[in-house]
*Asks:* 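Dropping a structure here in structure tokens format, bear with me for questions.
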2 protein chains.
Amino acid sequence: MQKQHNLSKNQKIIFDLIDKAGEPMKAYSILFNVQKKGIKAPLQVYRALDKLVEIGKIHKIESRNAFIACQNSNCQISKATAFSICENCEKVSEISSSKLSKYLSNFVDHSGMKFSKYNLEFFGLCKNCK
Amino acid sequence: MQKQHNLSKNQKIIFDLIDKAGEPMKAYSILFNVQKKGIKAPLQVYRALDKLVEIGKIHKIESRNAFIACQNSNCQISKATAFSICENCEKVSEISSSKLSKYLSNFVDHSGMKFSKYNLEFFGLCKNCK
DNA sequence: TTGTAAATGTTATATTATTACATACCGTTA
DNA sequence: TAACGGTATGTAATAATATAACATTTACAA
Ligand SMILES: [Zn+2]
Ligand SMILES: [Zn+2]
Ligand SMILES: [Zn+2]
Ligand SMILES: [Zn+2]
């Protein structure tokens with residue numbers, strides 16, 4: 001049983017928007033979309049995003065500066081993430097391969113560094129674009 | 001034999017700076033450091049960075065918005081990159097594990113997507129920090 | 001030498017993210 | 001209940017990162 005996080009008002013508004021979008025959203029596009037709900041400033045958005053990332057409800061797609069809802073009910077904490085990104089249409093999917101995550105979680109650098117977290121972004125063409 | 005890229009003046013100035021630094025540098029810190037050499041505008045820096053990334057002389061650390069010289073003489077083209085990042089001291093190393101790169105290059109998503117490129121960032125504590 | 005691609009120079013602007021400070025809310029426990 | 005502490009919110013200002021648009025120059029091959 002995972003810890004239940006009760007989202008605050010702003011967090012819920014912003015999570016619902018991103019979740020419904022089903023694709024990565026940028027912070028200022030989120031801001032534009034929630035202004036009618038009373039969220040007026042960038043910082044309000046970034047604070048909610050930070051928290052949602054921390055608890056694993058959303059992930060940041062670093063190469064795109066965008067945020068997507070977690071598509072994998074197992075990853076409540078955002079410490080092992082993998083995505084496929086279409087370089088043509090920008091479609092992003094979260095990869096949930098237990099083989100991959102096991103392989104990467106157990107990977108030990110030759111320097112002996114043991115990792116507590118990783119983020120992997122694959123690029124290519126999705127099946128609609130190739 | 002890899003293609004030889006003759007760097008232009010600005011590209012060389014900026015590559016030399018990053019290479020000598022031996023650690024990730026941010027674009028505006030690069031700009032500050034090369035102003036005495038006549039490079040005055042952000043765009044001049046970003047254009048050189050884009051080119052250097054394209055030909056694999058440097059890589060972008062996406063989670064840090066910073067650029068580091070390639071530490072792996074084999075990767076002349078920047079399409080399969082992996083880094084370890086210390087969350088305490090921000091030390092970054094390029095990982096060159098042929099096992100890892102083979103594993104990831106051959107990874108096929110369950111959607112059937114075949115990838116042409118990837119970037120992997122591991123996080124943890126380096127041996128000085130743990 | 002002339003055509004073309006790449007690189008440069010310059011100004012302005014767009015986009016992404018944080019600092020600083022004041023106030024409100026919410027659950028715990030004295 | 002009242003006081004406390006942690007979390008969340010509101011607001012303004014600004015910092016940091018990145019690109020658009022346009023003019024000009026350089027490199028180099030046909
Ligand atoms: Zn997830
Ligand atoms: Zn596509
Ligand atoms: Zn490299
Ligand atoms: Zn360290």
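Residue numbers start from 1 in every chain, and the chains themselves are labelled A, B, ... in the order their sequence lines are given, proteins ahead of strands. Worth knowing before you read on, the calculation uses all heavy atoms, side chains too, and leaves out hydrogens, waters and symmetry mates.
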*Asks:* Tell me, do A:Phe67 and A:Pro24 make a side-chain contact under 4.5 Å, heavy atoms counted?
*Replies:* no

*Asks:* In residues 122-130 of chain B, what donor-acceptor pairs under 3.5 Å come from side-chain atoms, sequence neighbours left out?
*Replies:*
none

*Asks:* Tell me, please, which residues at least two apart from B:Lys114 pass salt bridge (Lys or Arg N to Asp or Glu O under 4.0 Å).
*Replies:* none

*Asks:* Output one letter per nucleotide in nucleotides 20-30 of chain D: B when a protein non-hydrogen atom lies under 4.0 Å from the base, S when only the sugar-phosphate is that close, - when neither is.
*Replies:* BB---------

*Asks:* Below 4.5 Å, heavy atoms only, C-beta onward: do B:Ile68 and B:Ile58 meet side chain to side chain?
*Replies:* no

*Asks:* What does the 5'-to-3' dot-bracket notation of DNA chain C look like when only Watson-Crick and G-U wobble pairs under 3.5 Å count, and pairs to other strands show as |?
*Replies:* ||||||||||||||||||||||||||||||

*Asks:* OP1 or OP2 of D:dA18 less than 4.0 angstrom from a side-chain nitrogen or oxygen of B:Asn65, does that happen here?
*Replies:*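 Result: yes.
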
*Asks:* How would you list, by chain and number, every residue that makes a ring pair (Phe, Tyr, Trp, His ring centres under 6.0 Å) with B:Phe83, sequence neighbours excluded?
*Replies:* B:His59

*Asks:* So does A:Lys102 get a backbone contact from the side chain of A:Ser105, meaning a donor-acceptor N/O pair under 3.5 Å?
*Replies:*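 Judged by distance alone, no pair lies under 3.5 Å.
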
*Asks:* Kindly state which residues belonging to residues 14-42 of chain A come within less than 4.0 angstrom of DNA chain C, counting heavy atoms of the residue only, listed by number.
*Replies:* A:Lys26, A:Tyr28

*Asks:* Does anything in residues 8-19 of chain A form a side-chain hydrogen bond (donor to acceptor under 3.5 Å, both in side chains)? List the pairs, not counting sequence neighbours.
*Replies:* A:Ser8-A:Gln11, A:Lys12-A:Asp16

*Asks:* Between B:Glu90 and B:Arg64, does any side-chain N to carboxylate O distance fall below 4.0 Å?
*Replies:* yes

*Asks:* Expressed as a whole number of angstroms, how long is the span from B:Asp50:CG to D:dA18:P?
*Replies:*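 Rounding to the nearest Å, CG of B:Asp50 and P of D:dA18 are 10 Å apart.
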
*Asks:* For residues 28-37 of chain A, dump all side-chain donor-acceptor pairs below 3.5 Å to protein atoms at least two apart in sequence or in another chain.
*Replies:*
{"residue": "A:Asn33", "atom": "ND2", "partner": "A:Ser29", "partner atom": "O", "Å": "2.7"}
{"residue": "A:Lys36", "atom": "NZ", "partner": "A:Asn33", "partner atom": "O", "Å": "3.2"}

*Asks:* I'd like the 5' and 3' limits of the part of DNA chain C contacted by chain B, with heavy-atom contacts below 4.0 Å.
*Replies:* C:dA7 to C:dT11

*Asks:* Between A:Met113 and B:Leu120, is there shared hydrophobic-cluster membership here, with clusters defined by ILVMFWY side-chain heavy atoms closer than 4.5 Å?
*Replies:*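 The answer is yes; both residues are in one hydrophobic cluster.
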
*Asks:* At under 4.0 Å, does any side-chain N or O of A:Gln44 touch on OP1 or OP2 of D:dT9?
*Replies:*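 Looking at the OP1 and OP2 atoms of D:dT9, neither is under 4.0 Å from any side-chain N or O of A:Gln44.
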
*Asks:* Restricting to pairs with a member in residues 115-125 of chain A, which pass side-chain hydrogen bond (donor to acceptor under 3.5 Å, both in side chains), not counting sequence neighbours?
*Replies:*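 Sorted result for residues 115-125 of chain A: A:Ser63-A:Glu121, A:Thr81-A:Asn119, A:Lys117-B:Glu87, A:Asn119-A:Glu121.
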
*Asks:* Mind listing the side-chain donor-acceptor pairs of residues 41-49 of chain B below 3.5 Å, one per line with the distance, residues two or more places apart or on another chain?
*Replies:*
{"residue": "B:Gln44", "atom": "OE1", "partner": "B:Lys40", "partner atom": "N", "Å": "2.9"}
{"residue": "B:Gln44", "atom": "OE1", "partner": "B:Ala41", "partner atom": "N", "Å": "2.9"}

*Asks:* Taking ring pair (Phe, Tyr, Trp, His ring centres under 6.0 Å) as the test, write out the residues that go with A:Tyr103, two or more places apart.
*Replies:*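 Only B:Tyr103 meet the ring pair (Phe, Tyr, Trp, His ring centres under 6.0 Å) criterion with A:Tyr103.
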
